[in-house]
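Only a predicted model underlies this, so the values are computations on that prediction, with no experimental measurement involved.
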Amino acid sequence: MPEKLIVRDWRHVRVWLEPRLQGVRLVSLDVFDTVLGRYVGDPLEVQRAVCRAVSQRIGMDAETVWRARQQAEQALRAEAVQAGFDHECRYSELLTRWLECLPSTVLREQERGALPRFIRQTELALEAATLYVKPDAQVFMDWVREQNLEIIAMSDMYLDGDMLCELLRRLGIVDYFTFVYVSADFKLGKYSGRLFEKMLQVKGLDSQQVVHIGDNPISDRRMACRTGVQGVWLYEKADLRRRERQVLSARMAQRGGIWAGRHFFECVQTRSQQQDGLNPRDFFFRYGRDVLGPAFSVFMQGLQERLQQQADAGKPLEKLLFVARDGFLFERLYRTTDATVPAEYVYLSRRVITAASTADGLSHAQAIVAFYNPKQQGLASVCKVYGLPEAALQPLAQQHGFEDFSAPIHDWEDVRLHHFLQDEAVQAIIRAEGKQHRDLLQRYLEQVGFFAHQRVALVDIGWNGTVQKFLKQAFGMRKDFPQLQGYYFAFVPKLYADFGDDNTCEGIVHDSRRGNACERIPAEFEEIFEQGARSHEATTIAYREQDGRIVPVLKSAQAPDRQAELACNPLVAQMQLGIAHHWGHFRAVQQLTGYSSQQLLPYVHGVLERAVVYPTTEETCELTKLVHTEDFGHDHVLALANQAVGWGDLLRPRRLWQRLELSAWRYALFERMPLGIANFVFRIAYLHTVKK
């Protein structure tokens, strides 16, 4: 009887086989988990995904479809055993029996004719999507061919042999094998030894002339050896442990919490590593792939789910408008999907929207919006935010006691400010300027079809929903103003509470109105998400007419903040490459697992919590090279780097708290503190201040 071999990797298989080539005529290879690896640990997930696809096609509950498949498969396997074969079934027979098990009242006759081909192609496509060729296995097969040895494939699998050959063809390795022996074709399995006996009979070989290699110690080694074939157990420990972790994560995912996300992103990581083998040195690519990638991908999935919900409710959205500049990346990712809602990237900004909103004058509530900026310069900031002429308003401001037009206004109820805004001469200048802005904006909106649809959605990074608020304020009186939905990465309505009728907002990754303190983490470092999503072009500051069309006027490349942006653009570009890389693998795994965005969000919030609250030294060093700008009329640059907190700063808690309030990335200030203790304490203190 052959020896019971355990070999740890393909290199050692070759080392063992090379001196024994004289007596070997055939090398037999197990297919799944030996030559081919899986991105998902459990093959049943492919079957589940096929059932979901079938349920969507025929309008039947996915669980009903799954039960029908299980019923058909169990019946066929039982019939095979009764007929004296092993516990096997063949996919072509399964398809026929499966359709017979589905409720006949649901399937139309024409659907019955087309459905088998659809199911077969879907199963093949999803199987191919979850498989990859192990590089070391392919190197070994190349070597075997160089020795003029025949290679066959042997697999315990329900797919027909021709289907398995098609899978191998799609993966580019079918030509290595002279024949494929599948248990489904013969209704004999390796686990009983009968498939080995059948192979020897068909090939007309003595068992001593065959070596079989596989990952299963029973079916690939013990049962092969019992038939006289030299079985080799390929025990790849790291790969086995990875599969075990994925199977465990899949089981734990049924319990909810972070487990669905952990299982899902383990599969994404495996797919990325096996397909691309990327271990790039560029930090910003890795940060985009590993941190921003999961967050933005879940946002895009949530957006697609909401579009489908709108359609299912009989109120489909007619157009998506991705708002410049922070909707740039989202629009690029959306274009890679099969979504059918028309989309357009539109040149809107807080600057042009707020400027148009002053066509009927400037209220006190509008004016103080300019004072939220910590670097505000009083009335000069008001003019910059609303696009008002400083030269015309300065003399009138002096009449109301404003000697320095650029002096900060800290008392928002300043009597001088109220009198200034109540001055009819002031409001006349404001209305005239605002009307020009509104007329141009209105023509631009008409040009992009904003008023031509009944239901329109804005997609943006979010935070306060300023663009959406002021659009309604400026044009809400028009009868053709659409029902407007805002889909934002995060929505934190600090400035506005009422957006008007038929004008709703939702933060997909974070919405402060949900009262969930755990999901608030994007609001703790808004700037990094804006940097990751923004376009490389300048912000829109106005419009002008050109050849009968309205075109945006972008901020000058000579502006101080624009100069800082241009210097950071190469870093942002690398982040976005990493995000797009992650999104491609995310979509493939989502099709296989079927997890919803709500199931994935708890894990994503954990990923962001780690990155924002407990940054590594490398993350702190690299991310603080970025500078942040905003499109609300100012030329200020917000540096993400601040002087780190030292032990002496802890003795001045009030001063420390002020520093933390003004910092863009508070947690990076504690980089000198060991073990992240200060970050943890500060995080707990912050969460206790949040309404839960």
Checklist entry - What distance do Leu608 atom CG and His510 atom NE2 have between them, rounded to the nearest 0.5 Å? => result 11.5 Å
Any residue meeting salt bridge (Lys or Arg N to Asp or Glu O under 4.0 Å) with [X], in chain and number order, not counting sequence neighbours:
{"X": "Arg335", "result": "Glu331"}
{"X": "Arg8", "result": "none"}
{"X": "Glu127", "result": "Arg38"}

Next on the checklist: Parallel, tilted or perpendicular, judged at 30° and 60°: which one describes the rings of Tyr603 and Phe265?
Outcome noted: parallel
Checklist entry - Can you tell which of Trp583, Phe322, Tyr345, Tyr487 makes a ring pair (Phe, Tyr, Trp, His ring centres under 6.0 Å) with Tyr334? => result Phe322
[X] side chain near [Y] side chain, heavy-atom distance below 4.5 Å:
{"X": "Asp312", "Y": "Gln308", "answer": "yes"}
{"X": "His536", "Y": "Glu565", "answer": "no"}
{"X": "Leu623", "Y": "Pro615", "answer": "no"}
{"X": "Glu527", "Y": "Phe529", "answer": "no"}

Item to check | Criterion salt bridge (Lys or Arg N to Asp or Glu O under 4.0 Å) on Arg242 and Glu236, from CA distance to verdict | outcome: CA-CA 10 Å; Arg242 177 186 61 79; Glu236 296 178 294; over 6 Å; no
Next on the checklist: Taking the ring of Phe299 and the ring of Phe330, is the distance between their centroids below 6.0 Å?
Outcome noted: yes
Next on the checklist: With a 6.0 Å cut-off on the ring centroids, do His581 and Phe285 count as close?
Outcome noted: yes
Item to check | For Val467 against Arg350, the heavy-atom pair lying closest together | outcome: CG2-N, 4.0 Å
Next on the checklist: side chain to side chain donor-acceptor pair (under 3.5 Å), that's the test. Do His582 and Arg289 meet it? Break it down for me.
Outcome noted: CA-CA 5 Å; His582 180 94; Arg289 181 191 63 188; over 6 Å; no
